[in-house]
Number of protein chains: 2
Amino acid sequence: MSEIAVRLKDVLAASDAYRQTVARLVGLGVPETTILVHLLHAGPRRPSTLARRVGVTPASVTAQLDRLELAGHVVRRSNPRDRRSVLVDLTDQGRDLAGRLFALFDRDVATGVGDADPATTAELGRILEHLSRRLDERARDTHAIAADLEESGRR
Amino acid sequence: MSEIAVRLKDVLAASDAYRQTVARLVGLGVPETTILVHLLHAGPRRPSTLARRVGVTPASVTAQLDRLELAGHVVRRSNPRDRRSVLVDLTDQGRDLAGRLFALFDRDVATGVGDADPATTAELGRILEHLSRRLDERARDTHAIAADLEESGRR
DNA sequence: GATCTTTACTTCGATCGCCGAGATATCAGG
DNA sequence: CCTGATATCTCGGCGATCGAAGTAAAGATC
């Protein structure tokens, strides 16, 4: 199983450089591009939700949304259900950019995955889905992670 | 195939938050922890190599290595083959920390992957390896990426 | 329905990290 | 040697991020 973790670590490192290059090309930061593509698939979202997803504080997301809104990629709409909160949505221009960003990524992933048979591909999708959920929930449980880090030290 | 790209995008976003949480716990930045774990598996490496891998400039890596060296996690040794360059290596302390960081990640990945059969797991490893190579080489070819982004726009 | 607590986002001040450009040292080739 | 290329570091400046405080609205309690 450790095999997977090693490979995945390499994918993450490579992704860092990849996303950095792409973000620079479109004149945005890496978190901003992440937000754009996420909105494309998930629909309108609240700032705090985006903050958790990207792993930064709400204050930082405010600044990132300011930049995205200034560039005309997103709009902030008030949420009729809860007027404390805000819903961030893509503009047509933002949707176009997000679509291009994802299409680029999609093609590179397809090239990287190569010619796997459909059954394996489906299984791979299922595994990745589990994995993202696991990492996502772990990222929020600071105490548990701290404990596990300690435990590794004593092992 | 697009299925995989969507799932992988989610994994990357979740990883951002995950790595941020872990890095904060050990008092380092995300790039620093990436460097530590990479050195653990790859052995001594040169600063410029690390820079490409993490997707930052050599100047930034200098600062990151300064911090890691000050904390006692790595040492800079002169390279006998080429005295212009430097070889960065883990100290015992750094190796211990990197080992813990990877062990934590490894366990979370194993949990996320779940009980896939060995054949699928092996195939997954192979695919991830291809993928990391593909993303890695793409990240360096700015011109090609720019062209592909344009092309997506005209589609 | 008045008050208190919680939640959501933003603003502000300050710090930190990153980048680009220039400096230094070394290598490789003619 | 001398020149051009390579590897790293230093420095100055900019931009992003954070923590904390501020504003506003929703929900809970009595």
For the pair made of CZ in A:Arg84 and P in D:dA28, what is the distance, rounded to whole Å? 11 Å
Please answer whether the main-chain N or O of A:Ala71 pairs with a side-chain N or O of A:Gln93 as donor and acceptor at a distance below 3.5 Å. yes
Is a donor on one side and an acceptor on the other found under 3.5 Å between the side chain of A:Thr91 and the backbone of A:His73? yes
Just wondering, do B:Leu39 and B:Leu50 contact through their side chains at under 4.5 Å, heavy atoms? yes
When you check the phosphate oxygens OP1 and OP2 of D:dA16, does a side-chain N or O of A:Arg67 lie under 4.0 Å from one of them? yes
So, do A:Leu128 and B:Asp10 sit near enough that their side-chain heavy atoms are less than 4.5 Å apart? no
Using the closest heavy atom to pick a nucleotide of DNA chain C for each, name whichever of B:Asp82 or A:Pro47 lands nearer the 5' end. A:Pro47
Please give, in whole Å, the distance from D:dT8 C1' to B:Arg45 CZ? 18 Å
Which residue, A:Arg83 or A:Pro31, contacts DNA chain D at a nucleotide closer to its 5' end, judged by nearest heavy atom? A:Pro31
Base, sugar-phosphate, or nothing: which does B:Val61 touch, judged by heavy atoms less than 4.0 Å apart? nothing
pair A:Val74-A:Glu69: side-chain heavy atoms closer than 4.5 Å: yes
Validation row: B:Leu101, B:Leu40 side chains within 4.5 angstrom (heavy atoms): no
Atom CD of B:Gln64 and atom P of D:dT8 are separated, to the nearest Å, by 14 Å
To the nearest 0.5 angstrom, please state how far the CG atom of A:Leu131 sits from the CD1 atom of A:Ile4. 9.5 Å
Specify the separation, in whole Å, of atom CG of A:Asp66 and atom P of D:dA16. 11 Å
Taking 4.0 Å as the cut-off, does a side-chain nitrogen or oxygen of B:Thr62 come that near to OP1 or OP2 on D:dC9? yes
Comparing A:Ser60 and B:Ala63 on DNA chain D - which has the more 5′ nearest nucleotide: B:Ala63
Does B:Gln20 put a side-chain nitrogen or oxygen below 4.0 Å from OP1 or OP2 of D:dT17? no
Euclidean distance, atom CG of residue A:Leu70 to atom C1' of D:dA16 [Å, nearest integer]: 16 Å
DNA chain C: 5'-proximal contact among B:Val56 and A:Leu65 (nearest heavy atom): A:Leu65
Sugar-phosphate only, base, or nothing, as touched by B:Pro58 at under 4.0 Å among non-hydrogen atoms: nothing
Going by heavy atoms in the side chains, are A:Leu135 and A:Ser132 under 4.5 Å from each other? no
Using a cut-off of less than 4.0 Å, is there contact between a side-chain N or O of B:Ser48 and OP1 or OP2 of D:dT8? yes
Verify, without hydrogens or angle tests, whether A:Thr33 (side chain) and A:Ala23 (backbone) share a donor-acceptor contact under 3.5 angstrom. no
N/O-N/O pairs, protein side and nucleotides 19-23 of chain D side, under 3.5 Å:
residue: D:dG19; atom: OP1; partner: B:Arg24; partner atom: NH1; Å: 2.7

From the options D:dA7, D:dC9, D:dT17, select the nucleotide whose nearest atom is closest to the side chain of B:Ser85. D:dA7
Would you mind telling me which of D:dA26, D:dT17, D:dA7 lies closest to the side-chain atoms of B:Arg46? D:dA7
On DNA chain C, which is the earliest and which the latest nucleotide, 5' to 3', with an atom closer than 4.0 Å to a heavy atom of chain B? C:dG17 to C:dC27
Is there a continuous path of hydrophobic side-chain contacts, each under 4.5 Å between heavy atoms, that joins A:Val75 to A:Val61? no
